[in-house]
Amino acid sequence: MLPKHSRYHTVDAAHACPRFAHYIDSGKTLGPSWLLKGKFPMPVETFKPVVTRFAPSPTGYLHIGGARTALFNWLFARGRGGKFLLRIEDTDRARSTPEATQAILQGMAWLGLDHDGDVISQFDGAERHAAVAHELLAAGKAYKCYSTQDEIQAFRDAAKAEGKSTLFHSPWRDVAAKDQPDTPFVIRIKAPQDGTTIIKDEVQGDVTISNDQLDDMVLLRSDGTPVYMLAVVVDDHDMGVTHVIRGDDHLNNAARQMTIYNAMGWDVPVWAHIPLIFGGDGKKLSKRHGATGAEEYQVMGYPASGMRNYLTRLGWSHGNDEFFTDAQAKEWFDLKGIGKSPARFDFKKLESLCGQHIAQTDDAALVKEITAFLDASGQPALSDAQSNGILNGMYCLKERAKTFPDLLEKAIFVLSKRPIVPNEKAAKNLDSVSRGILSELTPLLSAVSWDRDSLEAALNAFCKAKGTKFGKLAGPLRAALAGRAVTPSVFDMMLVLEQEESLARLTQATVDTAATKTTVSRLTAL
RNA sequence: GGCCCGUUCGUCUAUCGGUUAGGACAUCUGGUUUUCAACCAGGAAAGAGGGGUUCAACUCCCCUACGGGCUGCCA
């Protein structure tokens, strides 16, 4: 039995448009790693590199669903030594904007989805697309249709009224050239009228469409411009795309597109139509579910690695593996593991995964990511001192944060300078009794050797002498050191802050009446 | 209307005819603890409904319900 990868068709340089020539690999053969290890007695030469693409239309930001589609294509290509191409489907001139293209590029850059070669503008290929339409026309596989849009609309209305199929059947399909009028026309393909078309889909299985469901779709508009359905096929072919991984809203379109592939005698790519992402209520993900744009997640401070992990796992599985690295994702990702039903977006799980990724990311890399996050979300940058401080304290910060804002909140103790102004909750821990206790503790700490064991010993001894539990002391210490009630461990804070700064903060908390005054006034106001 | 696709715990999913239907997130309980978190232990929680096929069905087939998609000179 042959592994199914043997179906990967070859990149035919002869058919390729010059504009994509640089994509064509010169006979270099690659295969999945398991294959190269000789698990199967197949000659490696029969395998050609995988080529995938992401083809968004630039009509808005990068939708999170689109980002996942891009991710799947990226993972599939990268895991197999293949290429991942990016093509902007901008044939709809009215709706396409350069800003949207920028937003898409930016989103992909954030997610780390690097593509091979230049960004292709589909519109730039209009001449080539039109040439294919005329080739089909010359070959008698397409025809000029002179029906006006009004006529077509009337046809559809009538069909609908009779409860019949609204598929338009042009009266011009078989009209001889001499009988054709001198009026505007579109070029339509001659779709097969009987039999069936089978879409061999790696996700959906074999989907059989009766050919009488296929209409003679328009290839070239009356103004001579190509239509999307033609442009995708020509571009995918010219770019040597071997695997088309896209949303399942295109599943039916695949049958239509196959008529073009067949008419041109081109190899049909491997199809993989993936289910769309839904919101928590099971409806199509939209604005009312919260963020739908990739960059919104960046601004909210989710790490890209966690985002990739979550999006990969959403609708795809590899046994019971939930948390994985990029390297593992590339190695494990396959089309067979993609589910057939739409998945709902779950922020809780996203956060959980992001927390795990933050925890296992290298400290210095995290500081870089945080810097980028601050920039992307329009917040002031970290000073050198802050950046160093956060790096020093990272070991006790990254274990407990799910997002960057979360981490930054926990890092307040190291980001702030004296005087430490406690927030409301922390202020409650700095009443006069607590300040009295702190003022007794501070001199003791100035004599202690500044390491974890000595600190723990000193504080425990102090509590014992005072007859209180450590818990009672922790609140005031947090308030004094960080001005917060929620912080990392007090020992970690003291170690990161070092002795001098720690003692200064404790001293300030015991003597600073300004802070106390605001506290008192707040409390009495309640 | 026609055609196509989907339906396992609240959510993401495992299962590829024989399992006490497993894991993760969330949730609940207990433990530990220095608050939150983290961590440990445990609990509750699922095959849309109905027919078949089979010794045996979550798994294969059909019907229904519900959800989604396509049906453009949009992509």
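In what follows, chains are A, B, ... by sequence order, proteins preceding strands, each numbered from 1. For the numbers below, each heavy atom of this structure counts, side chains included, while hydrogens, waters and symmetry mates do not.
For the pair A/Arg68 and A/Phe72, the cation sits on the ring face: its NZ or CZ lies under 6.0 Å from the ring centre, inside 45° of the axis.
Map A/Ile209 and A/Arg313 each onto its nearest nucleotide of RNA chain B; the residue landing nearer the 5' end is A/Ile209. Ranked by how close their nearest RNA chain B nucleotide is to the 5' end, A/Leu353 and A/Lys160 are led by A/Lys160.
For A/Thr208, there are no side-chain hydrogen bond (donor to acceptor under 3.5 Å, both in side chains) partners two or more places apart in sequence or in a different chain. Under the rule for a ring pair (Phe, Tyr, Trp, His ring centres under 6.0 Å), the partners of A/Phe491 that lie at least two apart in sequence or sit in another chain are A/Phe470. With sequence neighbours excluded, no residue satisfies ring pair (Phe, Tyr, Trp, His ring centres under 6.0 Å) with A/Phe123.
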- Produce a footprint string for nucleotides 68-75 of chain B: one letter per nucleotide, 5' end first; B if the base is under 4.0 Å from any protein heavy atom, S if only the sugar-phosphate is, - if neither. SBSSSBBB

- Query: If the sugar-phosphate is the primed atoms plus P, OP1 and OP2 and the base is the rest, what is the B/S/- string for nucleotides 27-35 of chain B, using protein heavy atoms under 4.0 Å?
  - Reply: -------BB

Pairs under 3.5 Å (N/O, protein and nucleotides 17-22 of chain B):
residue, atom, partner, partner atom, Å
B/G22, N2, A/Asn320, OD1, 2.5

Are there any protein N/O atoms within less than 3.5 Å of an N/O atom in nucleotides 63-66 of chain B, and if so, which ones and at what distance?
none

Scan nucleotides 41-43 of chain B against the protein and return all N/O pairs shorter than 3.5 Å with their distances rounded to 0.1 Å.
none

Would you tabulate the nitrogen or oxygen pairs shorter than 3.5 Å linking the protein to nucleotides 44-46 of chain B?
none

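Under the side chain to side chain donor-acceptor pair (under 3.5 Å) criterion, the residue pairs touching residues 404-415 of chain A are A/Asp406-A/Lys410, with sequence neighbours excluded. Sorted by first and then second residue, the pairs that involve residues 456-475 of chain A and meet side chain to side chain donor-acceptor pair (under 3.5 Å), not counting sequence neighbours, are A/Glu440-A/Lys466.
Pairing partner, B/C3: B/G69, with both Watson-Crick or wobble hydrogen-bond distances short of 3.5 Å.
One can find a donor-acceptor pair under 3.5 Å joining the base of B/A24 and the side-chain atoms of A/Lys349.
For the pair A/His318 NE2 and B/G23 C1', the computed distance is 14 Å after rounding to whole Å.
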Please tabulate, for side-chain N and O atoms in residues 352-360 of chain A, each donor-acceptor pair with protein atoms closer than 3.5 Å (sequence neighbours left out).
residue, atom, partner, partner atom, Å
A/His357, ND1, A/Leu353, O, 3.1
A/His357, NE2, A/Phe324, O, 3.3

